[in-house]
2 protein chains.
Amino acid sequence: MSLRHALLGLLVDHPASGYDLLKAFDTSLANVWPATQSQIYGELTKLADNGLIVVSEQGPRGRKEYTLTDTGLAELRRWLTQTEPQRTTRSDVLLRVFFLGVLTPQQARDYLAGQAAHAAELHANLKALDAAIDWDDDNLSVYGRIALEYGQRFAAMQQEWAEWARTQVRNA
Amino acid sequence: MSLRHALLGLLVDHPASGYDLLKAFDTSLANVWPATQSQIYGELTKLADNGLIVVSEQGPRGRKEYTLTDTGLAELRRWLTQTEPQRTTRSDVLLRVFFLGVLTPQQARDYLAGQAAHAAELHANLKALDAAIDWDDDNLSVYGRIALEYGQRFAAMQQEWAEWARTQVRNA
DNA sequence: TCTAGCATGTAAACAGTTACATGATTGC
DNA sequence: GCAATCATGTAACTGTTTACATGCTAGA
């Protein structure tokens, strides 16, 4: 269960409330590990119950600020070094490719063209984001840039693939 | 819910039993849309209840062979042409990158080197698979090849990224 | 005869999504 | 005063995984 560790990771160095974390998920982690409000609040309660985080401050409107405990940090490190990342992924986009044979060649090409366009747009957005951020050389910047670079390479790869794939579909 | 449509897609042209479909998931669809035995049998029952497939033949050992109905084929086409693929993905590998700052630079480089090695191995396997298959020019081959090409490009991209990323991690 | 593989089904637990529900505070 | 945003929580549902449970059949 990576959600638990994503929360621990976000709490390193700066305490935050559920609401703060929700925003972090919706921005920086949106394309890596999306999570809903429901999930986040529930998981924070469990993490606090297990002593991996503590409520360090209570603010207005029932705000609860959580801080990572030593146990929590140790667990984060254990997860990073002692466990293998899960690699089971599902791709709806690719699944559909397997079944394009039931459509006309024109429809199949349209589908692939749509995917190429989508990837191109994503690539442009990520490139713009990269340019807009003022990267320095602290940890957050180094690893944030590495992750963003992944996104850009991935989007470029998808675009090139979809454009190539389109040329492979011949009329029956 | 794509599992439903994956089953419909696999039943195009050739009737199959739950057991046959399970094997198809474990081989060709393993990296695209993994599914368990439990899920498959349950979903087949629902699809039959809804008239998208029918039990066309009963064999030994309680074997039930399912055939796609016209309604089922129509639904598959509707899914392909009228609905947008879901693009919410989760990447445990990438999530960990965000938090490599809590490790030593050496540990972070080790992690990235491990990912590079893993991607390289996957790439080699997919390349070998590609070479081993006797592709002809029917629909299955065309779209199967396109999907496999995606896998190869993706694995190559991941390897190159991880190797590059490793060089970005400097000692603090 | 016995083993491997064929063949299906169900129950419980876990993860994730959607929807509902409520209320406080800040700034205009 | 009102709207936007801050802030949390719960319930119901869907999808996925793991484990249990059972039995038949073909071939060595």
Side-chain angles (χ1 to χ4, degrees), chain A residues 1-8 10-11 15-27 29-50 53 55-66 79 83-92 95, chain B residues 1-8 10-11 15-27 29-50 53 55-66 79 83-92 95:
Chain A
M1 210 216 319
S2 302
L3 173 65
R4 156 181 256 99
H5 297 101
L7 288 167
L8 295 177
L10 289 173
L11 288 172
S17 67
Y19 192 81
D20 295 337
L21 293 165
L22 174 61
K23 282 183 296 176
F25 271 93
D26 285 348
T27 54
L29 255 44
N31 298 300
V32 175
W33 204 273
T36 59
Q37 179 257 22
S38 236
Q39 245 183 315
I40 292 168
Y41 283 107
E43 195 61 42
L44 284 171
T45 305
K46 282 187 219 161
L47 285 167
D49 286 349
N50 296 325
I53 59 177
V55 177
S56 50
E57 201 191 309
Q58 310 236 17
R61 283 169 292 214
R63 177 189 171 93
K64 288 190 265 178
E65 203 162 73
Y66 292 97
W79 173 67
T83 66
E84 274 299 300
Q86 250 194 256
R87 254 171 280 254
T88 41
T89 51
R90 292 186 162 79
S91 169
D92 193 349
L95 178 64
Chain B
M1 210 216 322
S2 302
L3 172 66
R4 155 180 258 100
H5 297 102
L7 288 167
L8 295 177
L10 290 172
L11 288 171
S17 66
Y19 192 81
D20 294 337
L21 293 165
L22 174 61
K23 281 183 297 176
F25 271 92
D26 285 346
T27 54
L29 255 44
N31 299 300
V32 175
W33 204 273
T36 59
Q37 178 257 25
S38 236
Q39 243 184 316
I40 292 169
Y41 283 108
E43 195 61 41
L44 284 171
T45 304
K46 281 187 218 159
L47 285 167
D49 286 349
N50 296 327
I53 60 177
V55 177
S56 50
E57 202 191 310
Q58 310 236 16
R61 283 168 292 213
R63 176 189 172 94
K64 287 190 264 178
E65 203 162 73
Y66 292 96
W79 174 67
T83 66
E84 275 298 301
Q86 250 192 254
R87 255 171 278 256
T88 40
T89 50
R90 290 185 165 80
S91 169
D92 192 349
L95 177 63

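Per chain, numbering begins at 1; letters A, B, ... match sequence-line order.
One atom, OH of A:Tyr41, and another, C1' of C:dG16, lie 17 Å apart when rounded to the nearest Å. The separation between A:Asp26 atom CG and C:dT17 atom P is 11 Å, rounded to whole Å. One interatomic measurement links the two molecules: CG of B:Leu44 to C1' of C:dT10, which rounds to 15 Å at whole-angstrom precision. One can place OH of A:Tyr19 at 3 Å from P of D:dC6, the figure rounded to the nearest angstrom. Across the protein-nucleic acid pair, A:Phe25 atom CZ and C:dA15 atom C1' stand 13 Å apart, rounded to whole Å. Atom OH of B:Tyr66 is separated from atom C1' of C:dG9 by 11 Å (rounded to the nearest Å). Between B:Asp20 atom CG and C:dC6 atom P there is a gap of 9 Å when expressed in whole angstrom units. Rounded to whole angstrom, the span from the CG atom of A:Leu22 across to the P atom of D:dT5 amounts to 14 Å.
The shortest distance between side-chain heavy atoms of B:Tyr66 and B:Leu10 does not fall below 4.5 Å. Looking only at side-chain heavy atoms (C-beta outward), A:Leu8 and A:His5 come within less than 4.5 Å of each other. Put simply, the side chain of B:Thr89 does not reach to within 4.5 Å of the side chain of A:Thr89, judged on heavy atoms.
Take B:Thr27 and apply the side chain to side chain donor-acceptor pair (under 3.5 Å) test, not counting sequence neighbours, and it matches no residue. With sequence neighbours left out, the salt bridge (charged side-chain N to carboxylate O under 4.0 Å, His left out) criterion links A:Asp20 to A:Arg63. Contacts of B:Ala30 classified as side chain to side chain contact (heavy atoms under 4.5 Å, CB included), with partners at least two apart in sequence or in another chain: none. Residues passing the side chain to side chain contact (heavy atoms under 4.5 Å, CB included) test with A:Glu84 are A:Arg87, sequence neighbours excluded. Scanning for side chain to side chain contact (heavy atoms under 4.5 Å, CB included) contacts around B:Ser2 gives A:Asp92, A:Leu95, B:Trp33, B:Trp79, with sequence neighbours left out. The side chain to side chain contact (heavy atoms under 4.5 Å, CB included) test applied to B:Glu57 returns B:Glu65, not counting sequence neighbours. Residues that satisfy the side chain to side chain donor-acceptor pair (under 3.5 Å) test with A:Ser38, not counting sequence neighbours, are absent from this structure.
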Let me have the donor-acceptor pairs involving side chains of residues 39-47 of chain B, under 3.5 Å, with sequence neighbours excluded, atom names and distances please.
{"residue": "B:Gln39", "atom": "OE1", "partner": "B:Thr36", "partner atom": "N", "Å": "3.3"}
{"residue": "B:Tyr41", "atom": "OH", "partner": "B:Tyr19", "partner atom": "N", "Å": "3.4"}
{"residue": "B:Glu43", "atom": "OE2", "partner": "B:Arg4", "partner atom": "NH1", "Å": "2.9"}
{"residue": "B:Thr45", "atom": "OG1", "partner": "B:Tyr41", "partner atom": "O", "Å": "3.0"}

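Each end of the helix from C:dT1-D:dA28 to C:dC28-D:dG1 yields a helix axis from five base pairs, and these two axes differ in direction by 20° (to the nearest 10 degrees).
A pairwise comparison of heavy atoms in B:Ala16 and B:Leu11 identifies N-CD2, 3.5 Å as the closest pair.
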Can you tabulate the close N/O pairs, meaning under 3.5 Å, that link protein atoms to atoms of nucleotides 20-26 of chain C?
{"residue": "C:dT25", "atom": "O4'", "partner": "A:Arg61", "partner atom": "NH1", "Å": "3.4"}

Could you go over nucleotides 13-16 of chain D and give all protein N or O partners under 3.5 Å, atom names and distances?
{"residue": "D:dT16", "atom": "OP2", "partner": "B:Gln39", "partner atom": "NE2", "Å": "2.8"}
{"residue": "D:dT16", "atom": "O5'", "partner": "B:Gln39", "partner atom": "NE2", "Å": "3.3"}
{"residue": "D:dT16", "atom": "O3'", "partner": "A:Arg90", "partner atom": "NH2", "Å": "3.4"}

I'd like a table of atom pairs between the protein and nucleotides 11-13 of chain C - only N or O on both sides, under 3.5 Å - with the distance next to each one.
{"residue": "C:dA11", "atom": "N6", "partner": "B:Ser38", "partner atom": "OG", "Å": "2.9"}

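Comparing B:Ser17 and B:Thr88 along DNA chain C, the residue whose closest nucleotide (by nearest heavy atom) sits nearer the 5' end is B:Ser17.
For A:Lys23, no side-chain nitrogen or oxygen approaches OP1 or OP2 of D:dT5 to under 4.0 Å.
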